[in-house]
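Working notes, structure below.
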Number of protein chains: 2
Amino acid sequence: MQLDNFLCFAIYSANHAFTRVYKPLLDELDLTYPQYLVMVVLWEKDDQTVGSLGEKLFLESSTLTPMLKRLEAMGYVARVRDKVDERQVRVRLTETGRALKEKARGVPLGIADATGMEPAEIVRLKQEIAALRASLLR
Amino acid sequence: MQLDNFLCFAIYSANHAFTRVYKPLLDELDLTYPQYLVMVVLWEKDDQTVGSLGEKLFLESSTLTPMLKRLEAMGYVARVRDKVDERQVRVRLTETGRALKEKARGVPLGIADATGMEPAEIVRLKQEIAALRASLLR
DNA sequence: TCCGATTAAATCGCACGCGATATATATAAG
DNA sequence: CTTATATATATCGCGTGCGATTTAATCGGA
């Protein structure tokens with residue numbers, strides 16, 4: 001029953017540490033870390049519904065809706081009701097949003113660098129943690 | 001440049017997953033997950049300053065002060081100015097706060113269970129992530 | 001066709017978490 | 001002793017995150 005023995009705390013604090021490392025890199029793009037993750041998902045596949053983004057990011061609409069409105073206000077995405085199913089909102093990159101991908105090109109390398117880990121090691125650790133996440137959500 | 005390849009996202013989402021697993025267990029204790037972490041630190045060593053808690057938890061006073069006030073309002077801790085150095089606030093467990101440790105006894109086991117991992121494996125992964133955190137903060 | 005059930009977002013209230021700043025106390029330098 | 005500096009918390013504003021609820025649209029069955 002000691003904090004240093006908690007796997008959860010290691011993850012909790014490592015997550016904060018990542019946020020700190022990302023901050024100066026993302027300031028250049030005027031993005032917060034969660035907003036950056038949304039953009040990554042959209043750069044990967046444009047024109048997704050709020051629900052689809054939520055599934056991939058493990059976030060609720062109550063979190064995404066305000067975030068997406070901020071990204072829209074900044075001119076990076078557009079939110080449009082689906083013509084076929086008006087319940088859904090489709091999120092699309094604007095030209096500016098698409099262009100931002102270039103500016104963000106160097107970010108992952110800067111992060112990988114800060115981890116001080118070998119690429120293969122990063123992949124392995126990432127997979128272990130993804131497996132842990134799956135167990136927890138089971 | 002794909003979300004699934006991001007170590008940071010694995011950690012980000014695993015952290016959320018942990019929070020979800022903790023929720024039902026901590027509801028019994030009327031604690032949030034970050035509040036629980038504070039209590040763990042205090043159960044380990046009572047009568048600490050805000051700064052000391054912040055060092056161990058990697059949190060700022062701007063985060064801790066409101067949290068500690070809530071824990072105080074719930075009757076789990078007392079906040080008292082240090083007589084010798086009036087700049088410091090000492091955080092002490094109340095009788096109720098100390099007693100809560102017994103009620104929380106089963107929590108770590110429930111969590112370890114949800115990870116689906118062997119104890120030794122948990123320790124190893126925890127150490128790897130703690131090392132990563134150290135690199136990131138460097 | 002019509003009405004109840006389901007689904008997708010949005011809204012609301014609350015609790016983090018932090019950067020920037022303010023306030024109060026302690027320390028140091030002369 | 002006095003003033004400048006440093007330190008410890010607290011405050012403020014903003015952006016997540018989520019559970020609970022609401023709103024609007026769609027689907028399903030009689």
Side-chain angles (χ1 to χ4, degrees), chain A residues 8-9 12-24 26-27 29-39 48-55 57-74 76-77 79-91 137, chain B residues 8-9 12-24 26-27 29-39 48-55 57-74 76-77 79-91 137:
Chain A
C8 64
F9 175 68
Y12 168 88
S13 52
N15 184 47
H16 292 166
F18 263 121
T19 304
R20 262 174 236 185
V21 174
Y22 266 110
K23 180 86 169 57
L26 296 183
D27 277 352
L29 313 177
D30 265 310
L31 289 176
T32 65
Y33 173 51
Q35 286 168 1
Y36 169 71
L37 294 178
V38 170
M39 294 302 288
Q48 297 193 55
T49 64
V50 174
S52 159
L53 295 174
E55 253 179 68
L57 293 160
F58 301 95
L59 294 176
E60 306 295 320
S61 73
S62 45
T63 299
L64 281 171
T65 298
M67 250 177 73
L68 293 170
K69 284 185 175 175
R70 277 179 214 113
L71 288 173
E72 185 176 43
M74 287 189 290
Y76 290 152
V77 307
R79 295 159 61 249
V80 284
R81 285 276 162 192
D82 189 303
K83 285 285 176 238
V84 179
D85 185 343
E86 294 246 341
R87 290 172 305 179
Q88 300 186 7
V89 166
R90 309 205 69 89
V91 183
L137 295 180
Chain B
C8 65
F9 176 68
Y12 168 88
S13 50
N15 184 47
H16 292 166
F18 263 121
T19 304
R20 263 174 235 185
V21 174
Y22 266 109
K23 180 87 170 57
L26 296 183
D27 277 352
L29 312 178
D30 266 312
L31 289 176
T32 64
Y33 173 51
Q35 285 168 3
Y36 169 72
L37 294 178
V38 170
M39 293 303 287
Q48 297 193 56
T49 64
V50 174
S52 159
L53 294 174
E55 253 179 67
L57 292 161
F58 301 96
L59 294 176
E60 306 294 321
S61 73
S62 45
T63 301
L64 281 171
T65 298
M67 253 178 71
L68 293 170
K69 284 186 176 177
R70 276 177 217 113
L71 288 173
E72 185 175 44
M74 289 189 288
Y76 290 152
V77 307
R79 295 160 60 250
V80 284
R81 284 277 162 191
D82 190 303
K83 285 286 175 233
V84 180
D85 185 343
E86 294 247 340
R87 290 172 304 180
Q88 301 186 5
V89 166
R90 307 205 71 88
V91 183
L137 295 180

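Note on naming: letters A, B, ... go to the chains in the order of the sequence lines (proteins, then strands), and numbering restarts at 1 for each one. Side-chain atoms are counted along with the backbone in the values below, which use heavy atoms only and exclude waters and symmetry mates.
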*How do A/Thr63 and B/Glu60 order along DNA chain C: which one's closest nucleotide is nearer the 5' end?*
A/Thr63
*asked:* Once you apply a heavy-atom cut-off of 4.0 Å, does A/Thr19 come out as touching a base, just sugar-phosphate, or nothing?
replied: nothing
*With heavy atoms under 4.0 Å as the rule, sort A/Arg70 into base, sugar-phosphate or nothing.*
base
*Over how many whole Å does the gap from B/Leu64 atom CG to C/dA15 atom P extend?*
16 Å
_Reading DNA chain D from 5' to 3', where do the contacts with chain A start and stop? Cut-off is 4.0 Å to heavy atoms._
D/dG15 to D/dT26
*When the ring planes of B/Phe9 and A/Phe58 are compared, do they come out parallel, tilted or perpendicular, using 30° and 60° as the limits?*
parallel
*Integer-rounded Å distance: C/dA9 C1' and A/Leu68 CG*: 11 Å
*Closest nucleotide of DNA chain C for A/Lys23 versus for B/Met67: which of these residues is on the 5' side?*
B/Met67
*Within the pair A/Tyr12 and C/dG17, is there a side-chain N or O less than 4.0 Å away from OP1 or OP2?*
yes
*CG of A/Leu59 versus C1' of C/dA10: gap in Å, rounded?*
16 Å
*Rounded to the nearest 0.5 Å, what's the gap from CG on A/Leu137 to NE2 on B/His16? Could you check?*
11.5 Å
*First locate atom CZ of A/Arg81, then atom CZ of A/Arg87, and finally report the distance between them rounded to the nearest 0.5 Å.*
10.5 Å
*What is the distance from atom OH of A/Tyr33 to atom OG1 of A/Thr19, rounded to the nearest 0.5 Å?*
6.0 Å
*asked:* Please confirm whether the ring centroid of B/Phe18 lies under 6.0 Å from the ring centroid of A/Tyr12.
replied: no
_Close approaches to DNA chain C from residues 81-91 of chain B, in residue order (heavy atom, under 4.0 Å)_ = B/Val84, B/Asp85, B/Glu86, B/Arg87
*Using atom CG of B/Leu71 as one end and atom P of C/dC14 as the other, report the distance to the nearest whole Å.*
18 Å
*Within less than 4.0 Å of OP1 or OP2 of C/dC16, is there a side-chain N or O belonging to B/Thr32?*
yes
*asked:* In whole Å, I'd like the distance from the CZ atom of B/Phe18 to the C1' atom of C/dC16.
replied: 19 Å
*Check the distance between C/dA15's C1' and B/Tyr36's OH and give it to me in whole angstrom.*
19 Å
*Output the distance between atom CG (A/Leu37) and atom CG (A/Leu57), rounded to the nearest 0.5 Å.*
6.5 Å
_Using whole Å, what does the distance between atom P of nucleotide C/dA10 and atom CG of A/Leu53 come to?_
11 Å
*Could you state the interatomic distance from OG1 (B/Thr32) to CE (B/Met39), rounded to the nearest 0.5 Å?*
11.0 Å
*Closest non-hydrogen atom pair, B/Pro24 against B/Val21*: CD-O, 3.4 Å
Using a 3.5 Å cut-off and no angle test, enumerate the donor-acceptor pairs between side-chain atoms of residues 62-74 of chain A and protein atoms at least two apart in sequence or in another chain.
residue: A/Thr65; atom: OG1; partner: A/Ser61; partner atom: O; Å: 3.0
residue: A/Glu72; atom: OE1; partner: A/Arg79; partner atom: NH1; Å: 3.1
residue: A/Glu72; atom: OE2; partner: A/Arg79; partner atom: N; Å: 3.1

*For C/dA9, take OP1 and OP2 only and decide whether either is under 4.0 Å from a side-chain N or O of A/Ser61.*
no
